[in-house]
S.K.: 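First, the structure itself, so that you have it in front of you.
Counting convention: from 1, in listed order, for ligands and their atoms alike. Along the sequence shown, residues carry numbers from 1.
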Amino acid sequence: MSKPLRIGVLASGGGTNLQAIIDRCQDGSLSAEIVIVITNNPGVGALERAAKAGIQTLCINHRDFSRREEFDEALVKVLLDAEVELVALAGFMRIISQTFIDAFPGRVINVHPALLPAFPGLHVQQQAIDYGARFSGCTVHFVDGGVDTGPIIIQAVVPILPDDTADTLAARILEQEHKVYPRAIQLIAEGRVRVDGRQVTIEPACPPELTALVNPSIKG
Ligand code: GAR
C-alpha cells in the first residue's frame, strides 16, 4: 500500500470541512494524513477539532503582518517544514498570493460554496438567492492566482428553495462539501487527477451521475 498523502489544512473558522477530512482519514476511506492545521484566526473551532484529533496546530495571525506576501511566506515555511504534499484550503478566508502558489505548484486546492464560475468571492449563498438562481452547490478546484478561478475537480448541485435564507442554503451546500472535498482529495491521493489548462481529467474515468435536476419540478 502506498504511503498516505501528507496534507496541510488552512482554515479560518468552524472547520466542518476539516472535520469531514479528519473523519474520512480516520475511517480509512481517505488515504491521507493531515500533518498540520493552520488558522489565521485564534480560538476558532478548526483548532479545537484538529487538537482533538491529535493533529499539530498553529495559528499564524495575518494581522501580525504588514504585507500579504510576508504572511504567505510564514505559512509556506511551516508547510514546507511539515513536508506537506497537498495544501487544502477549508474555509480559509484569505486570498493567497502567487508566492504561496509558486511554493506548491498544482498542489493547492479549495472548496467554494457555489457552482463556479457563478458567484466567486464572499457571501455567495446570499448572492445566489438574490440573483434568483434555482440551483447552487459547491466546487472543489485547484487554486491559481485568481479568486476562485482555478481548474475544477468536482462539483455538487443543490436546489435553492423558495424560503431559503443564506443560512439554510449554506447548510444544504455544506452537507455536499463534506462529501465532495474528501472525495477530491482521495482522487489526488490515488494519483488519478491530471490537469491540462482548465481541464481536469480523472483517470481511470469516473462517470457522472446522469440525472437531470429540474427546479421547480416539471411534475407539479
Ligand atoms: C464553507 O462553506 C466553505 O466552502 C467556505 O467557508 C465555509 C467554511 O466552513 N469557504 C469559502 O467561502 C472560501 N472563500 P467550515 O469552516 O465549517 O469548513
S.K.: Can you sort out the partners of Phe65 under side chain to side chain contact (heavy atoms under 4.5 Å, CB included), two or more places apart, ordered by chain and number?
M.R.: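 Partners of Phe65 by the side chain to side chain contact (heavy atoms under 4.5 Å, CB included) criterion, ordered by chain and then number, come out as Ile60, Glu70, Phe71, Ala74.
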
S.K.: Could you list the donor-acceptor pairs under 3.5 angstrom formed by side chains in residues 117-131, with sequence neighbours left out?
M.R.:
residue, atom, partner, partner atom, Å
Gln126, NE2, Asp130, OD1, 2.8
Gln127, NE2, Leu122, O, 2.8

S.K.: Indicate whether any N or O donor in one side chain lies under 3.5 Å from an N or O acceptor in the other, for Asp27 and Ser29.
M.R.: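 A donor-acceptor contact under 3.5 Å links the two side chains.
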
S.K.: For His141, is there any backbone N or O sitting under 3.5 Å from a side-chain donor or acceptor partner on Thr139?
M.R.: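 Not at all, since once roles are kept as given, no pair shorter than 3.5 Å links the two residues.
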
S.K.: Give the table of side-chain donor-acceptor pairs shorter than 3.5 Å for residues 11-23, with sequence neighbours excluded, one pair per line with atom names and distance.
M.R.:
residue, atom, partner, partner atom, Å
Ser12, OG, Asn40, OD1, 2.7
Ser12, OG, Gly91, O, 3.4
Ser12, OG, Met93, N, 2.8
Thr16, OG1, His178, NE2, 2.8
Asn17, ND2, Glu177, OE1, 2.9
Gln19, OE1, Arg49, NH1, 3.3
Gln19, NE2, Asp23, OD1, 3.0

S.K.: Salt bridge between Arg107 and Glu85, side-chain N to carboxylate O under 4.0 Å?
M.R.: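 So Arg107 does not pair with Glu85 through a salt bridge.
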
S.K.: Output, or 'none' if empty, a list of ligand 1-protein atom pairs in which both atoms are N or O and the distance is under 3.5 Å, rounded to 0.1 Å.
M.R.:
residue, atom, partner, partner atom, Å
ligand 1, 2 (O), Glu177, OE1, 3.3
ligand 1, 2 (O), Glu177, OE2, 2.8
ligand 1, 4 (O), Val111, O, 3.4
ligand 1, 4 (O), Glu177, OE1, 2.7
ligand 1, 4 (O), Glu177, OE2, 3.3
ligand 1, 16 (O), Gly15, N, 2.8
ligand 1, 17 (O), Thr16, N, 2.8
ligand 1, 17 (O), Thr16, OG1, 2.5
ligand 1, 18 (O), Thr16, N, 3.3
ligand 1, 18 (O), Asn17, N, 2.9
ligand 1, 18 (O), Asn17, ND2, 3.0

